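Here the structure is laid out as structure tokens; the discussion comes afterwards.
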Amino acid sequence: MKPQEYVRNALQTAITRSAFVLSDPPYISLERPKQEELGDLSTPLAMSLSKTLGMAPRKIAEIITQNLQLDPDYVESVEIAGPGFINFFYAKPCLQNTVLEIIRDGAAYGRSDMGRGRRIQLEFVSANPTGPLNIVSARAAAVGDILTNCYRAAGYDARREFYVNDAGRQIRLLGVSLSARYMSELGKTEAVPEEGYHGLYLVDLAREIVQRDGDRHAGMEAEARAVLFSQMALEFMLQRQRASLDKYRVVYDLWFRESALRDSGAQEEILRRMAAAGLSYEEDGAVWFRSSQFGDEKDRVLVTQNGEPTYFLIDIAYHEDKFQRGFEKVIDFWGPDHHGYIDRMRAALLALGHPGESFDVSIIQQVNLLRSGKTVKMSKRAGEIIEMDELIEEVGVDAARFYFVDRRISQPMDFDIDLATKQSDENPVFYVQYAHARICNILRYAEEQGVTIPAQADTATLGNLQEIQVIKKLLEFPDVIQRVVVHTEPHRVSNYVQEVAAVFHRFYHEHRVVTEDRTLTLARLMLARATRQVLANAFELLGISAPENM
RNA sequence: GCGCCAGUAGCUCAAUAGGAUAGAGCGUUAGCCUCCGGAGCUAAAGGUUGUGGGUUCGAUUCCCGCCUGGCGCACCA
């Protein structure tokens with residue numbers, strides 16, 4: 001058993017035995033004190049119970065402590081400190097044993113059953129298929145992908161989904177734009193409409209079409225040609241986006257097409273339900289949803305005066321579809337320009353009977369592009385973007401993914417192109433990968449020296465400061481994953497992995513692993529293996545490689 | 001004007017569910033290779049957590065006001 005669990009269980013029993021008058025069993029918060037001297041694990045429990053019990057925190061702490069029964073192999077000592085913290089100090093046998101447990105658990109170390117198999121869906125990127133994926137999508141892709149990995153590790157049945165906006169005005173415009181490029185390519189002047197797509201990728205595509213089909217489409221009626229070219233452009237873009245994501249190691253469970261949803265008439269079903277429940281009304285020739293009754297600031301249009309379904313209505317139908325498919329929880333990742341949209345979406349889902357907790361939106365803040373210290377404004381229509389492919393090309397997948405996930409998603413971030421390309425050697429991803437490669441090297445070296453490494457070995461000789469610090473750090477891994485999921489904060493994984501690397505580098509610097517002392521050597525090799533395992537498991541979550549050499 | 005998000009070391013960012021003396025990297029300065037990989041390690045300097053109040057035993061974290069920046073405020077998507 002992990003010492004955290006052990007302490008939690010012991011505290012639970014102690015509380016019961018203390019016979020406090022409580023309506024509910026209290027949540028036991030366990031944390032690691034910032035200062036090591038204070039203990040390995042700490043709970044502010046006594047302070048939080050103070051008010052409800054009407055007792056001084058230290059008094060409560062004393063009662064709890066008296067009722068604690070602790071195995072000295074797990075916990076060496078307990079202290080009451082400060083305003084009423086109860087602090088625990090791990091016993092060495094337990095820590096030494098942890099090393100072997102990690103090795104035994106292997107790839108499963110860090111996983112938990114927190115989610116109990118709950119079905120959850122993460123929808124991210126969902127960029128319009130009107131151009132190549134850009135650097136903003138790269139952030140969303142990294143974050144969404146890594147979070148999904150963490151959800152799975154925490155025991156959820158989590159799925160990735162990409163929503164394809166393949167219907168509506170944007171696609172028509174795309175077709176018109178491509179058609180214009182095609183005609184220009186054939187020497188017939190036809191301007192790309194001002195609100196159309198001016199990116200050069202359409203010129204390239206037009207050229208390809210000319211090479212393949214010649215002037216076969218030139219004689220068509222303009223409107224029909226635009227429709228045809230919409231489809232060509234769409235499929236081309238989708239295939240290209242998928243290829244980019246593939247290279248970026250993001251694989252979706254489903255690419256959901258808006259057109260399929262529309263064809264199924266799902267939006268009409270929503271309208272029927274809303275009308276039947278009195279959730280909608282007609283005014284000025286449009287159909288409105290009473291979203292203001294569900295927390296939105298005003299009512300919203302579902303069907304326009306022209307009889308067109310709004311994007312909002314389609315989106316409601318899409319989200320309803322997600323729930324129909326059996327997801328208990330749905331998380332959307334949107335850009336900051338859509339945050340005003342959250343309230344109405346939640347209102348709609350509430351109105352349709354889905355509890356508030358079943359739907360979450362996470363806003364991934366923008367990526368400001370800097371080139372030689374100056375902000376670059378990106379606009380897809382004007383064609384000024386940094387493509388995801390360029391990014392992957394220039395900085396590599398590992399570095400890119402790590403860079404994007406290494407900060408909180410709520411924090412806007414600057415992406416300095418010069419820095420990312422020129423100084424990529426100083427990217428922290430190399431630091432952590434280096435730790436992994438170094439451990440592999442130590443294991444190789446040991447074997448070269450004729451040491452056969454058994455599956456398990458006695459670890460009782462581990463006990464110096466650096467060794468203990470490594471073990472304690474490895475011990476945190478399962479908690480890190482759970483916190484990532486609870487807070488939707490994948491950056492914790494990359495932060496953690498840097499801490500693991502640091503603590504191991506420190507150990508390595510102070511102590512030799514392979515020495516004349518066979519028992520000690522084997523024990524330290526176990527420590528190295530456990531560390532490598534944790535790094536590898538974390539890299540797996542991050543979707544970066546675990547190099548054996550660098 | 002209203003709403004949402006952010007503001008932490010020179011720079012890029014952390015800070016575990018409200019916890020104890022706010023931490024890393026980069027950069028700067030000073031050190032460490034007869035020794036398993038120096039893409040590493042050690043140390044120093046660097047802070048009124050934008051600002052003023054409030055709640056609390058305790059606030060970077062929660063609440064209110066203000067300042068600054070970003071983004072929204074469509075019968076567009």
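The figures here come from the full heavy-atom set of this structure, side chains too, leaving out hydrogens, waters and symmetry mates. By convention in this document, chain letters (A, B, ...) are assigned in the order of the sequence lines, proteins followed by strands, and residues within each chain are numbered from 1. Quick caveat: nothing in here was measured; it's all calculated off a predicted structure.
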Could you check whether F85(A) and the base of rG19(B) form a stacked pair, meaning centres closer than 5.5 Å and planes differing by less than 30°?
no
Applying salt bridge (Lys or Arg N to Asp or Glu O under 4.0 Å) to R532(A) and not counting sequence neighbours gives none
Sugar-phosphate only, base, or nothing, as touched by V486(A) at under 4.0 Å among non-hydrogen atoms:
base
Return no unless some side-chain N or O of R32(A) is found under 4.0 Å from OP1 or OP2 of rA15(B).
no
Closest nucleotide among rA20(B), rG40(B), rA77(B) to the S42(A) side chain
rA20(B)
Quick one: is rC73(B) close enough that its OP1 or OP2 comes under 4.0 Å of any side-chain N or O from H339(A)?
no
Short side-chain N/O contact from R300(A) to OP1 or OP2 of rC75(B), under 4.0 Å
no
Show me, pair by pair, the donor-acceptor contacts under 3.5 angstrom made by side chains of residues 44-62 of chain A, not counting sequence neighbours?
from, atom 1, to, atom 2, distance (Å)
S48(A), OG, P44(A), O, 3.4
S48(A), OG, L45(A), O, 2.9
S50(A), OG, M55(A), O, 2.9
T52(A), OG1, L49(A), O, 3.1
R58(A), NH1, G82(A), O, 2.5

Side chain of M47(A): nearest nucleotide among rG19(B), rG7(B), rA39(B)?
rG19(B)
D337(A), nearest nucleotide to its side chain (from rG72(B), rC75(B), rA74(B)):
rG72(B)
Please determine, for the side chain of H491(A), which listed nucleotide (rA77(B), rA14(B), rA74(B)) has the closest atom?
rA14(B)
Does the ring of H338(A) lie flat against the base of rA77(B), closer than 5.5 Å centre to centre with planes under 30°?
yes
Candidates rC36(B), rC41(B), rA77(B) - which lies nearest the side chain of N165(A):
rA77(B)
Do R438(A)'s NZ or CZ and the ring of Y508(A) fall within the cation-pi criteria of under 6.0 Å and 45°?
yes
Out of rC36(B), rU21(B), rA15(B), which nucleotide sits closest to the side chain of Y445(A)?
rC36(B)
